[in-house]
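Notes to accompany the following structure.
Along the sequence shown, residues carry numbers from 1. Remember, predicted model here, so these are calculated numbers, not experimental data.
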Amino acid sequence: MKVVILRGGAVQRRAGGLTRADTADSGVCAVGVGDQWVLINVSAAVAHSLACADPSAGWPGLSDAKVRAIVLTDAQLEHAGGLLGLRRGAPIDLYATPAVFEDLSTHLPILPALQHYCGVHWRVIPVSGDQRVGSFQVEGLPTLEFTAIATLNPPWPHALEQRAPVVGESIALAVHDHATGRSVFCAPGLTMPGPDEQAWLRNSDCVLLDEPDPATAARLGWGEWLDQLPARHKVVLARDAEAPWLAGRGIALARDGMEIEL
């Protein structure tokens with residue numbers, strides 16, 4: 001299993017330019033085995049980057065013409081807005097919870113628009129109501145088992161109404177490769193995991209997490225807590241391009257094109 005961080009810089013990488021570390025695309029990555037891939041979220045910049053990338057360079061099969069499977073961890077514009085950039089091509093296989101599907105059909109109506117272009121096949125992630133954890137598989141990746149864990153994140157800016165949190169509005173993902181026994185835990189937007197998430201984190205070989213602001217991190221001992229996790233790879237989906245408070249801890253800051261082999 002391979003994980004690739006995506007931030008919309010394929011053209012710059014191909015030209016030998018610097019990688020990007022901006023906040024808008026900090027929660028997007030691809031998970032794949034061989035030349036089969038699934039996108040975890042997709043921003044507008046990443047969709048454009050994939051369309052412009054040389055499909056023979058870097059990661060075979062990772063281009064918007066090939067990858068039509070997308071797992072959404074929430075309905076944030078930064079995580080779902082790139083769906084419109086993939087409107088040319090075969091129908092999209094969209095893996096999303098009922099809450100996310102509803103948000104993208106009403107509050108941020110991307111899915112109705114896509115039905116006039118490529119179309120969308122909704123693959124339900126079974127997390128809703130009393131069910132806070134649900135497993136599923138992605139077609140074309142038979143050795144990978146995906147587990148979604150409901151998380152609690154602040155409401156998105158495009159929310160049109162004040163309402164109580166709904167189970168499934170945001171999820172973390174644990175991906176286990178039965179062929180290698182390796183696993184990755186990916187939680188864009190999650191800064192302080194609760195007991196449910198921590199149980200999965202302790203059993204992961206790679207963790208991808210957002211970080212709290214430096215003052216909050218120092219107060220809560222977030223860096224020390226991350227140090228104690230047994231994962232071989234610890235990657236912060238940083239909002240601070242430098243994050244000097246993580247220096248010397250052996251914790252990597254996510255960069256466009258970063259590749260993690262598991």
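Side-chain N or O atoms of R68 include one that pairs as donor or acceptor with a backbone N or O of L86 at under 3.5 Å. Judged by distance alone, the side chain of K2 and the main-chain N or O of E259 form no donor-acceptor pair under 3.5 Å. Remark: the backbone N or O of P193 is paired with a side-chain donor or acceptor of Q198 at under 3.5 angstrom. The closest donor-acceptor contact from the side chain of T151 to the backbone of S170 lies under 3.5 Å. Counting only distance, with no hydrogens or angles, the side chain of Q131 and the backbone of P126 share a donor-acceptor pair below 3.5 Å. Side chain of N41 to backbone of T73: a donor-acceptor contact under 3.5 angstrom is found.
Rounding to the nearest 0.5 angstrom, the gap separating the CG atom in L209 from the NZ atom in K234 is 10.5 Å. Atoms CH2 and OG1, from W122 and T97 in turn, are 8.0 Å apart once rounded to the nearest 0.5 Å. The CG atom of D103 lies 9.5 Å from the CG atom of D74; values are rounded to the nearest 0.5 Å. For the atom pair SG of C29 and CG of D256, the computed distance is 12.0 Å after rounding to the nearest 0.5 Å.
For F136, the ring-ring contact (aromatic ring centres under 6.0 Å, His included) partners two or more places apart in sequence, or in a different chain, are Y95, F146. In terms of the side-chain contact (heavy atoms from CB on, under 4.5 Å) criterion, residue partners of A30 (sequence neighbours excluded) are, by chain and number, L6, W37, L39, L62. Residues forming a ring-ring contact (aromatic ring centres under 6.0 Å, His included) with H176 (at least two apart in sequence, or on another chain): H178. Every residue two or more places apart in sequence or in another chain that forms a side-chain contact (heavy atoms from CB on, under 4.5 Å) with D205 is listed here: R182, S183, L262.
Taking both residues in full, the closest heavy atoms of A90 and C118 are given as O-CB, 3.6 Å, listed atom of the first, atom of the second, then distance. Among all heavy-atom pairs drawn from G82 and A47, the shortest one is O-CB, 3.4 Å. Across I125 and L72, no two heavy atoms sit closer than the pair CD1-O, 4.4 Å. Pairing each heavy atom of P188 with each of H79, the nearest pair is CB-CE1, 3.8 Å. The heavy-atom pair separating V167 from R132 by the smallest distance is CG2-NH1, 3.4 Å. Between P165 and L152, the closest heavy-atom pair is CB-CD1, 3.6 Å.
Applying the salt bridge (charged side-chain N to carboxylate O under 4.0 Å, His left out) rule to pairs touching residues 187-197 yields nothing, sequence neighbours excluded. For residues 189-219, the set of pairs meeting the ring pair (Phe, Tyr, Trp, His ring centres under 6.0 Å) definition, not counting sequence neighbours, is empty.
Put simply, the side chain of V3 reaches to within 4.5 Å of the side chain of L208, judged on heavy atoms. With contacts defined as side-chain heavy-atom distances shorter than 4.5 Å, the pair V184/L173 does not qualify. At a threshold of 4.5 Å between non-hydrogen side-chain atoms, the residues N203 and F185 do not count as touching. Looking only at side-chain heavy atoms (C-beta outward), W222 and V236 come within less than 4.5 Å of each other. Between L50 and V67 there is no side-chain heavy-atom pair separated by less than 4.5 Å. Put simply, the side chain of I40 does not reach to within 4.5 Å of the side chain of V175, judged on heavy atoms. With contacts defined as side-chain heavy-atom distances shorter than 4.5 Å, the pair Q115/V120 qualifies.
A single hydrophobic cluster is not seen to contain both Y117 and L83; linkage of ILVMFWY side chains at heavy-atom distances under 4.5 Å, directly or through other members, places them apart. L229 and L190 are not part of a single hydrophobic cluster, where members link through side-chain heavy atoms under 4.5 Å apart. Hydrophobic clustering, with ILVMFWY side chains joined whenever heavy atoms are under 4.5 angstrom apart, keeps L111 apart from V166. Hydrophobic clustering (side-chain heavy atoms under 4.5 Å, transitive across Ile, Leu, Val, Met, Phe, Trp, Tyr) groups V46 together with I110. V124 is connected to L94 through a chain of hydrophobic side-chain contacts under 4.5 Å among Ile, Leu, Val, Met, Phe, Trp and Tyr, so both are in one cluster.
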Walk me through it: do M1 and V31 pass the test side chain to side chain contact (heavy atoms under 4.5 Å, CB included)? CA-CA 7 Å; M1 175 171 57; V31 175; 3.9 Å; yes
